Each structure stands twice: as structure tokens, then as C-alpha cells.
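Predicted model, so just to flag it, every value in this text is computed and none were measured.
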Amino acid sequence: MKKNGKILVVDDNEEILIALRFLLKDYFEVVDCEKNPNLIPSILERGLYDVYILDMNFRGGRYTGNEGIFWMNRILDIHPAAVIIFITAYGDVDLAVKAIKEGAADFILKPWSDDKFVSTVLSAYKLHQSRREEDRSVTGDIPEQEIPAKHEQAIIGSSSPIKKVFRQVQKVAATDASVLLTGENGTGKELFAREIHRCSARATGVFVSVDMGSLSGSLFESELFGHKKGAFTDAAEDRPGRFELADRGTIFLDEIGNLPLPLQPKLLSVLQNRQVTRVGSNKAVNVDIRLITATNMPLERMVREGRFREDLLYRLNTIVINVPPLRDRGGDIAGLFNYFLDHYSRRYNKGRLDAGTEILAALQSYHWPGNVRELEHAVEKAVIMSEDGRIRPEDFAFAHSGIAGQEIDENLNLETNESYIIRKAIKRCGGNLSQAARVLGVTRKTLYNKIEKYGI
């Protein structure tokens with residue numbers, strides 16, 4: 001993979017800088033990190049960057065609570081076409097939204113998903129490249145070496161089922177038609193949503209992703225449509241909703257089937273009128289959005305059962321694209337395995353790992369209920385657990401698949417075997433409990449509790 005682009009990360013947390021350097025170095029040619037935001041002007045004197053990633057708050061800062069916006073404005077003074085992403089905690093979401101209205105491209109909530117983080121930064125990089133191309137097109141002077149490289153496809157696969165999906169994506173991307181992506185969890189529906197956006201005429205606009213399953217009734221209108229200052233107890237200032245933020249771009253409503261029935265008419269009204277009204281306001285705001293939704297639920301059956309509005313479904317399913325499960329894409333498993341193996345080998349500094357043919361055969365025979373997401377996590381764990389430059393069958397944690405070869409106590413005592421697995425994971429991870437928790441698929445707090453319970 002050819003790496004392009006320069007990224008600057010500014011955060012006063014050394015651990016975050018280290019993590020992001022390792023995460024992004026596989027995708028970009030230069031990833032510079034800095035703890036002290038006061039050095040930003042002098043850093044930019046040495047050269048500009050394609051994407052700037054900033055923390056919202058810096059300890060001991062002069063502009064507490066607004067440091068990120070202050071430094072964004074300093075960067076924009078020096079580099080007016082800068083593309084800026086903020087890292088923020090949940091409690092600072094309002095501030096991050098304000099930053100977007102003032103010029104930021106996007107924000108990422110802590111804790112983040114590595115895949116979504118990379119996808120967001122790649123989209124921001126493409127946005128910057130598009131801006132450069134547009135600026136130079138005005139003068140008719142676009143040196144060949146300056147033309148932005150096409151965003152590398154993030155979806156791996158060449159099987160017939162996945163080729164069919166690609167063909168559908170290419171057809172619908174050129175339109176503004178609403179798209180409903182269906183399929184099981186872990187199949188990569190959001191990746192295809194982002195691909196549709198990337199290939200569309202709205203590619204230079206923002207891609208706003210919303211997990212509908214996480215929105216309670218009390219948060220629904222405020223999150224999607226925004227609110228006015230004083231509309232409710234915690235409404236300390238005006239705040240645009242996700243639909244306003246997606247104006248002239250794409251809004252992706254994931255897990256749309258989880259939207260409670262009483263809230264569906266409110267969403268339907270916005271989709272019909274292409275207008276939103278903030279909570280506490282009487283003024284409607286026009287929004288120009290492309291709508292993509294996704295679900296793993298049977299919406300047509302839910303309509304028959306009275307759990308989903310038929311008129312809302314008609315607004316969502318102009319085009320329906322079904323993303324196939326991994327068990328129907330057997331021909332893609334080898335490519336996905338090699339991609340994830342290479343990615344995580346580099347990420348964890350494991351060098352070139354050797355995997356025997358018996359492993360690939362076992363992976364291809366497994367039914368993958370968690371689909372591509374499960375395969376990725378399995379390979380990541382195997383890379384972490386590997387020793388001596390080789391991945392072995394026992395490095396895969398599939399006790400029921402025939403892949404794993406754990407030495408489980410034959411008496412089937414749960415506590416005895418759980419204690420054994422935890423000890424083995426900690427040993428394999430060299431005593432690094434955070435890494436061991438990741439391998440075991442539990443939180444660090446859960447792992448600490450287990451260690452205390454078993455006296456490990």
C-alpha cells in the first residue's frame with residue numbers, strides 16, 4: 001500500500017500520541033505528534049499538513065474549555081484550507097459541534113473504534129486533497145504529482161457476492177437516492193455506506209454517522225435536530241443536530257430498526273420536508289442531505305407486526321443493498337486474513353509472521369457468526385498471542401470451531417479453566433494487562449476483578 005499524506009496530532013496525553021502514531025503510520029507517510037500546542041505556529045513554519053488532529057482541552061491551558069477551538073483558529077490563520085479533526089470526551093460534544101460550525105471537519109469521541117478513527121482521518125485527508133484540486137483547477141495549473149491519489153478501497157473481496165454489492169454501490173453512488181443497507185452484524189455495512197459517500201458528488205462534504213440504537217427518547221430530537229439555549233436543563237447554548245451538520249453531505253443512520261415506534265413520525269417528517277426544527281425553536285432549517293440507513297432487522301416483517309411505520313420504510317428503501325455474510329464469501333477469507341495479518345503484524349511490531357496452510361483451511365471451514373468483524377478480531381488476537389514469528393492453531397480463540405487447541409482442564413470446571421486462560425493470556429502478553437484484556441475480549445476492570453478473584 002502506497003502511503004501518502006502528512007498528519008499532525010496535538011494532544012497533551014503521551015499515551016494517546018503513541019497510540020495514534022502506531023495506528024496512523026500504516027496509512028500515512030508522515031505522522032508527527034506534539035504535546036505542547038504552543039509549538040503549533042513554529043511547527044507550521046516548517047511545513048503544512050493534510051490533516052490536523054487536536055485535543056479539545058489541554059491541561060494548564062490559558063483557554064480552558066475552548067483551547068481546541070483557539071488552536072484551530074490559529075491553524076486556520078496560517079493554513080486557511082486546513083482540515084481539522086477534534087478528539088473529545090462525551091462531555092465536550094457540544095463544544096465539538098460548535099467547532100464544526102466554526103470550521104472543523106469532524107470530531108471523534110473517546111473511547112474510539114480504531115477502524116472508525118482511521119476511516120474518519122482518511123476521509124479528512126481526501127477532503128483536503130479535493131480542496132487542493134479545486135483550488136488549483138481555478139488556475140488550470142495542477143501538476144501531475146499534486147493530483148490527489150484515489151482513496152484506497154477499504155473493503156477487501158473479490159467473490160461473486162461482494163462483486164455484486166460493488167456493482168450496486170457504483171450505480172447508486174452517482175445518484176442522491178436513499179439507500180438501505182441490510183445484513184448481519186459485522187458484515188461491514190458502514191464501510192459500504194462510506195464507499196457510497198466517497199464515490200458520490202457529495203464526497204467533499206461531511207459523512208455523519210449516527211447509531212440510532214443508542215438514542216433514547218430524551219436524546220433523540222436534541223441529537224438529530226439540535227436545540228436552542230435554555231430548551232431544557234442542560235441546554236447551555238445553541239447546538240445544531242446531526243442533520244444540520246450533514247448539510248450538503250451524507251447522513252448515515254445505523255441500526256435504524258432499533259428506532260422506537262413513537263419516535264418514527266418525527267424522523268419521517270424531517271425526511272419528507274427536508275427541514276429540521278431545533279428543540280425550543282419554532283424556526284425550521286432547510287437541510288440538503290443524502291440519506292443512507294442500515295439494519296440487521298427484518299423491517300418488512302416489523303411493518304406487518306406494527307413495529308415499524310410503512311411510510312417511513314418507503315422513505316428509506318428507494319434502493320436496498322444486502323451485504324452478504326462472510327460464510328457466503330468463502331473466496332474472500334484468504335484475502336481478508338492476509339490483510340488483517342499484515343495490518344496487525346505491523347501494528348504490534350511482530351515482523352513477518354508465518355501461518356501454516358492448516359490455519360487458513362480451518363478459517364475457511366468456520367461459519368463466522370460474527371462475520372468480518374469476528375475474523376478481524378480473531379486475527380488480531382492471534383497476532384498478539386503469536387511467538388517465534390509463527391501463528392499456530394492454538395493462537396486462535398475458537399474453542400468450538402476446531403481451530404483452538406487450548407489445554408483446557410478435562411473436568412470442565414468453569415473457574416479452573418477461566419483461571420488457566422487468564423494466566424495464559426497474561427503470560428503471552430508479557431504481563432501487559434491492557435493487552436491481555438483485549439485478547440480475552442473483556443474490559444480492564446473485568447480482568448482486574450478476575451485477577452483478584454483467582455489470586456493471579
Do [X] and [Y] sit within salt-bridge range, that is, some charged N less than 4.0 Å from a carboxylate O?
X	Y	value
D288	R202	yes
R315	D311	no
E184	R373	no
K266	E221	yes

Qualifying residue for side-chain contact (heavy atoms from CB on, under 4.5 Å) with E244, from N286, L224, V276, I289: V276
side-chain contact (heavy atoms from CB on, under 4.5 Å) with Q264: of L261, L268, L267, only one passes, and it is L261
Would you check if there is a donor-acceptor pair between the side chains of [Y] and [X] at a distance under 3.5 Å?
X	Y	result
T182	N322	yes
E376	Y344	yes
D332	S159	yes
H128	Y49	no
R352	S345	no

So [X] and [Y], would you call those rings parallel, tilted or perpendicular, with 30° and 60° as cut-offs?
X	Y	value
H343	Y339	parallel
F225	F220	perpendicular
Y125	F28	perpendicular

How about CD on E300, more than 12 heavy atoms from neighbouring residues, nucleotides or ligands closer than 6.0 Å, or not?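 Count not over threshold, so no.
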Looking at N349, I want to see if its CG is surrounded by more than 12 non-hydrogen atoms of other residues, nucleotides or ligands under 6.0 Å. yes
Determine whether [X] and [Y] make a side-chain contact, defined as any pair of heavy atoms from C-beta on separated by less than 4.5 Å.
X	Y	answer
V303	R309	no
K163	R167	yes
L299	L180	yes
I251	V206	no

Given D106 and V83, is the side-chain contact (heavy atoms from CB on, under 4.5 Å) satisfied, shown in steps? CA-CA 9 Å; D106 208 339; V83 175; over 6 Å; no
